[in-house]
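To find a chain, count down the sequence lines: A is the first, B the second, and so on, and within it residues start at 1.
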Amino acid sequence: MQFDAFTQTDPRLVALVEALNPAQREAVTAPSEHRLVLAGAGSGKTRVLTHRIAWLMAVEGVSAHSVLAVTFTNKAANEMRGRIEQLVNVPVRAMWVGTFHGTAHKLLRLHWREAKLPQNFQILDADDQQRLVKRVLKGLEMAEDRFPPKMVTGWINAQKEEGRRPHQMADQGDYSQRQLVRAYTAYQQACEAQGLVDFAELLLRAYELFRDQPAVREHYHRKFRHVLVDEFQDTNTLQYLWLRLLCGPEAKIFAVGDDDQSIYGWRGAKVENIQKLSRDYPGIELVRLEQNYRSTGTILKAANGLIAHNSGRLGKNLWTEDREGEAIQLYAAYNEYDEAEFVVNRMRDYLDGHGRYSDLAVLYRSNAQSRVLEEMLIRARLPYRIYGGLRFFERMEVKDALAWLRLLVNRDDDGSFERALTTPPRGVGATSLEKLRAFAKQHELSLWKAARSGSAALGRTSGALGLFLDQIDLLDQQTRELPLAAKMEKLIERSGLKEHYKKEKGEQAEARLENLDELINAAKSFERPEEEGLDPVLNFLTHAALEAGEGQANAGEEAVQLMTLHSAKGLEFPVVFMVGLENGLFPSMRAVDEGNLEEERRLCYVGITRARQQLTISYAETRRIHGVEQICAPSQFLKEIPSETLVETRPRAAVLRSSFGVQSGRGGYGGGGFGGGGAPRSGLGSGYEHGNAWRERQQEGYNLSRPALSAKMTAEVGYGGYKLGQRVSHPSFGEGTILSFDGEGERTRVEIRFANAGTKWLMLAMAKLSPL
DNA sequence: AACGCCTCCTTTTTT
DNA sequence: AGGAGGCGTT
């Protein structure tokens, strides 16, 4: 189809393409061929993907039925569907838009017979899987120290992600390899006996379904004429194999990705799939999106300069029509507290001016870094939100309740059986359970069936056990006709879980009860009867496994955002703080040891390109890591960012050090002092050399902790009855909040942020302060 | 079954 | 340091 012809005829199509730049337009409107779109950060990737679909429908008359769009996260999938519907102005329920796992799951539900699964198969989440592997290892009497469950689980998943089944590996490799295969075999048998499917299994089964069932394969070959894949650089071996099988001779692939943003190699993602795609589809058309609509020229220059240090890139250079913007601020903090304080102070500057809390994001390499930042944010009374952490459906109490529901659906689910049997406690202890397990194993029965049939062999225990079995059956009968939410409620009540958590002490208990209520609430939205022939209970349980829910309550509220660099991918913020740029932390020690520096660098690239207007980078010269104070060298990435994009912010060294007499060999700060003047220290010279020497000695086991201390100590002690964060009143400046202290005794000075008079340093002894 | 002590480990995360 | 998980005690 010719684009020009349509611009003149249909105003809707004009609107569809008019806002696109030439490269985007080409990607969106070119005739249907296989296409690979290399989309740089902030270049309008999602836009291209959604517009492409809208274009196909509007111009080429493609039906929603023949489109499949796959993403990695539910969030991305939901967003995509929403934006497509906005563009074409009608709901597109018939279109398959979902995650790899969600799509695989859908196929397996539709073709459970061909996939050789029970109709009511259940999904095992990571936690369930871990437990099951553990039990299997126990059963095989494999030593936990030699074969840690975590490692075995990882290994099994890795095999599945390479498309390998145990029988393909039998009798291969050394002793431990054989043991692993034995574990995989037993684990898989357990899953099959219990009708369970883990995440990797969803993909592998779907792959095998297409591989082994020509009728199914051909059906979908006829159906899906357009297969669109988001974040293609994140696909693993199995996902790629499956995509290839899924695309019939008529299907056109539209893959969007960015090799420079491949940061999940450690979990099996294969950037090479991009090159593979080009080899497997020789005619594939390559489109590069390099114009960036997100960041300032300076930020892009920094990002480009950094990523240029990677080898084997497909090659891209981001550019923008936007202005240069501000220089990137670089701050050398004394320690992690100083760093956090600096971040908070800069946040205040921004917030005083105009900004919203949610404009601000702090990105760090590892979760452990969030604690100090949090502390500082609390003191500063700034609302914040940390991404990541336990999700709703992963919470203990929620999983407990769901175990009861799962048991109603499938009595042979041993994991749920054990969970329901033991929580709340009912006098069936470890010994009885062990007996039951042994009996079940001996007769190759599920725990449920073993308990039912073997009561005699189980001796005295059978009393409490029998009561439990009857209770389950009774609950099943009594709730059979109830709508889902009512069923859930009754289960929570009658299982004794509610009572159990009521008895629990502490503030957690309350939250637990609330979560149980919330679970009932969540169940309500799955009550639409028999949608697409799916049983509401199965539907609900699937949702719980596949979409574990938001990382935290109150999503989307006005708050400063804290997250790892990994979870920041795909997001953008006007103001970004990237903290902890120290060798050993970022790049992480492990990455360096294992030679994964390039992926680390890409992670840094991702971090830089999250920023729209302002980027601030910081590192600490001293940091407590695993409980030990360490001297840190600045990250090597700092050297790789073009220096003309950076401006070093002078530290307020004296604030942190004067009172403790810490003047020791800290190269770099010496000249600055505090107060005006003084050229910013340029380059990062002195930090590096002694940093390396330190690392060498560190590896020999020396602990080079210095007797320094530190913002933390100051903060906790407080002065003359005043504490950090305290509200005070001053006769001429009005009300304010104490931000920090400096010095001791009568020389103590105090930094106060006044509501109407800005931030000031005052001598505590002189200032006529009164607490509020 | 609940509690407390001890040891171990420590990058990143989605489904 | 701090959390998790294992294990032994009450």
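- Not counting sequence neighbours, the partners of A:L571 by the side-chain contact (heavy atoms from CB on, under 4.5 Å) test are A:K75, A:M563, A:F573.
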* Nucleotide-resolved protein contact map, nucleotides 9-15 of chain B, B/S/- at heavy-atom distance under 4.0 Å -> -BBBBBB
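- Taking atom C1' in both C:dG5 and B:dT12, the straight-line distance is 22 Å, to the nearest Å.
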* Structure fact -> Reading nucleotides 4-9 of chain C from 5' to 3' and marking B where a protein heavy atom lies under 4.0 Å of the base, S where only the sugar-phosphate is that close, and - otherwise, the string is --S---
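- Look at A:R602 and A:D259 and you find no salt bridge, because none of the NZ, NE, NH1 or NH2 atoms lies under 4.0 Å from a carboxylate O.
- For the 3.5 Å distance criterion, the side chains of A:R205 and A:Y207 fail to qualify, holding no donor opposite an acceptor.
- Between the side chains of A:Q188 and A:K160, at least one donor N or O lies within less than 3.5 Å of an accepting N or O.
- A:P424 approaches A:S495 most closely through the heavy-atom pair CG-O, 3.2 Å.
- Side-chain atoms of A:Q194 and A:E192 form no donor-acceptor pair, as typed in the model, at a separation below 3.5 Å.
- Every side-chain contact (heavy atoms from CB on, under 4.5 Å) that A:A255 has, sequence neighbours left out, goes to A:L36, A:F232, A:I253, A:L277.
- Taking the six-membered ring wherever Trp is involved, the centroid distance between the rings of A:W266 and A:Y264 falls below 6.0 Å.
- Between the side chains of A:H111 and A:Y220, at least one donor N or O sits under 3.5 Å from an acceptor N or O.
- Atom P of nucleotide C:dG3 and atom CG of A:L390 are separated by 14 Å, given to the nearest angstrom.
- Under the rule for a side-chain contact (heavy atoms from CB on, under 4.5 Å), the partners of A:T564 that lie at least two apart in sequence or sit in another chain are A:Y364, A:N367, A:H566, A:S567.
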Using the 3.5 Å cut-off, write out each protein N or O paired with an N or O of nucleotides 4-8 of chain B and the distance between them.
none

